[in-house]
2 protein chains.
Amino acid sequence: MNIDSTAQRNTKQRSAVSAVLNETEGFNSAQDLHAILRDRGERVGLTTVYRTLQGLADAGEIDVMRPPGGEHLYRRCSQGHHHHLVCRSCGRAVEVEGPAVESWADRVAAKHGFVDVSHTMEIFGTCPECAAKR
Amino acid sequence: MNIDSTAQRNTKQRSAVSAVLNETEGFNSAQDLHAILRDRGERVGLTTVYRTLQGLADAGEIDVMRPPGGEHLYRRCSQGHHHHLVCRSCGRAVEVEGPAVESWADRVAAKHGFVDVSHTMEIFGTCPECAAKR
DNA sequence: GCGCTTTTGACAATCATTATCATTGTCAGC
DNA sequence: GCTGACAATGATAATGATTGTCAAAAGCGC
């Protein structure tokens with residue numbers, strides 16, 4: 001029997017994926033991460049990358065985003081609940097907090113009798129640099 | 001010349017898809033809609049369903065949602081910008097408005113110099129009926 | 001070191017969505 | 001009401017990210 005079911009083992013692959021996430025700045029797709037690991041000479045299977053990312057996401061250590069019409073993107077984020085302001089053009093992401101939004105979502109859901117509430121929010125736009133280039 | 005570039009033609013298929021969207025209540029996937037049309041005896045290709053839905057979505061006549069780990073869902077919605085409170089269990093969706101959220105998103109984006117801003121938000125929860133059943 | 005258990009990873013399978021392209025249906029002008 | 005140009009359709013194949021499979025290869029506790 002186990003109270004916490006997170007009986008994870010430390011493996012090179014897990015560390016490698018985590019390391020890449022630490023060093024990269026913006027969001028990366030699973031395939032991107034796999035390619036990066038490949039370039040570094042780390043021998044990690046694509047399947048393992050996916051599994052590791054899922055695990056980290058479940059553990060709340062990384063953030064997942066599903067941009068419209070694209071693949072899943074992963075990023076190591078600061079702890080706690082927050083949202084992202086993402087540049088449509090260059091992919092740069094800014095973490096933003098909105099306590100007002102959180103409470104609004106909870107309030108609305110409660111008003112309709114919904115329980116076990118979660119929410120997702122992404123803001124898309126063009127960042128100043130990209131806007132200037134055009 | 002044409003001020004609006006939507007030079008769409010009226011076809012039976014387009015009407016059929018639109019009709020189904022009018023009659024169904026919650027969110028439907030493209031494949032669901034295709035199945036419904038099939039059952040009705042309407043002969044509409046899956047490709048056309050996808051194309052029609054895309055067109056309607058672009059025109060802002062229907063709403064698209066990308067639930068975590070699922071396919072795209074479409075629904076005819078009231079005009080104007082709004083968000084959805086969706087039941088995780090039965091799929092029932094409630095339209096909600098949050099002017100505070102809109103302005104917050106715009107404000108945050110502006111503060112970081114982002115332009116041409118849009119955003120997406122979905123609230124997930126368990127509706128009272130489904131919560132009671134458990 | 002030993003053995004049990006988890007993890008890995010090459011490959012195949014899945015599945016929603018998109019591209020292709022010849023055929024068909026619409027609409028505008030006559 | 002015809003007709004012809006051109007958009008729309010749809011059966012099928014292609015795409016591509018993600019997931020399943022399962023034998024082989026590490027970890028970890030002893």
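Each chain gets a letter, A, B and so on, in the order its sequence line appears, and its residues count up from 1.
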Identify all side-chain donor-acceptor contacts of residues 45-56 of chain A below 3.5 Å with residues at least two apart in sequence or on another chain.
from	atom 1	to	atom 2	distance (Å)
A/Tyr50	OH	A/Gln31	NE2	2.8
A/Thr52	OG1	A/Thr48	O	2.7

* Asked: Listed by chain and number, what are the side chain to side chain donor-acceptor pair (under 3.5 Å) partners of A/Asp63, not counting sequence neighbours?
  -> none
* Please test B/His83 against A/His119 for side chain to side chain contact (heavy atoms under 4.5 Å, CB included), starting from the C-alpha separation and ending with a verdict. => CA-CA 11 Å; B/His83 300 290; A/His119 62 269; over 6 Å; no
* Structure fact -> Contacts of A/Thr120 meeting side chain to side chain donor-acceptor pair (under 3.5 Å) (sequence neighbours excluded), chain-then-number -> none
Can you give the donor-acceptor pairs under 3.5 Å from side chains of residues 92-100 of chain A to other protein atoms, not counting sequence neighbours?
from	atom 1	to	atom 2	distance (Å)
A/Arg92	NH2	A/Glu129	OE1	3.3
A/Glu95	OE1	A/Ser78	OG	2.6
A/Glu95	OE2	A/Ser78	N	3.3

* To do: Report the distance from atom CD of B/Glu42 to atom C1' of D/dA8, rounded to the nearest whole Å.
  => 17 Å
* Asked: Is B/Arg88 positioned over the aromatic face of B/Phe124, cation under 6.0 angstrom from the ring centre and no more than 45 degrees off axis?
  -> no
* Taking C-beta and beyond as the side chain, do A/Ile62 and A/Tyr74 meet within less than 4.5 Å on heavy atoms? -> yes
* Expressed in angstrom and rounded to an integer, what is the separation of B/Leu33 atom CG from D/dG10 atom C1'? -> 17 Å
* Any side-chain heavy-atom pair from B/Pro128 and A/Phe114 closer than 4.5 angstrom? -> yes
* Just how far, in rounded Å, is P of C/dG9 from CZ of A/Arg14? -> 11 Å
* Asked: What one-letter contact string describes nucleotides 18-30 of chain D from 5' to 3', where B marks a base within less than 4.0 Å of any protein heavy atom, S marks contact via sugar-phosphate atoms alone, and - marks no contact?
  -> BBB------BS--
* Overall bend - the helix from C/dG1-D/dC30 to C/dC30-D/dG1, comparing terminal axes fitted on five pairs, nearest 10 degrees -> 40°
* Take the protein atom CG of B/Leu37 and the nucleotide atom P of D/dA11, then report the distance between them rounded to whole Å. => 13 Å
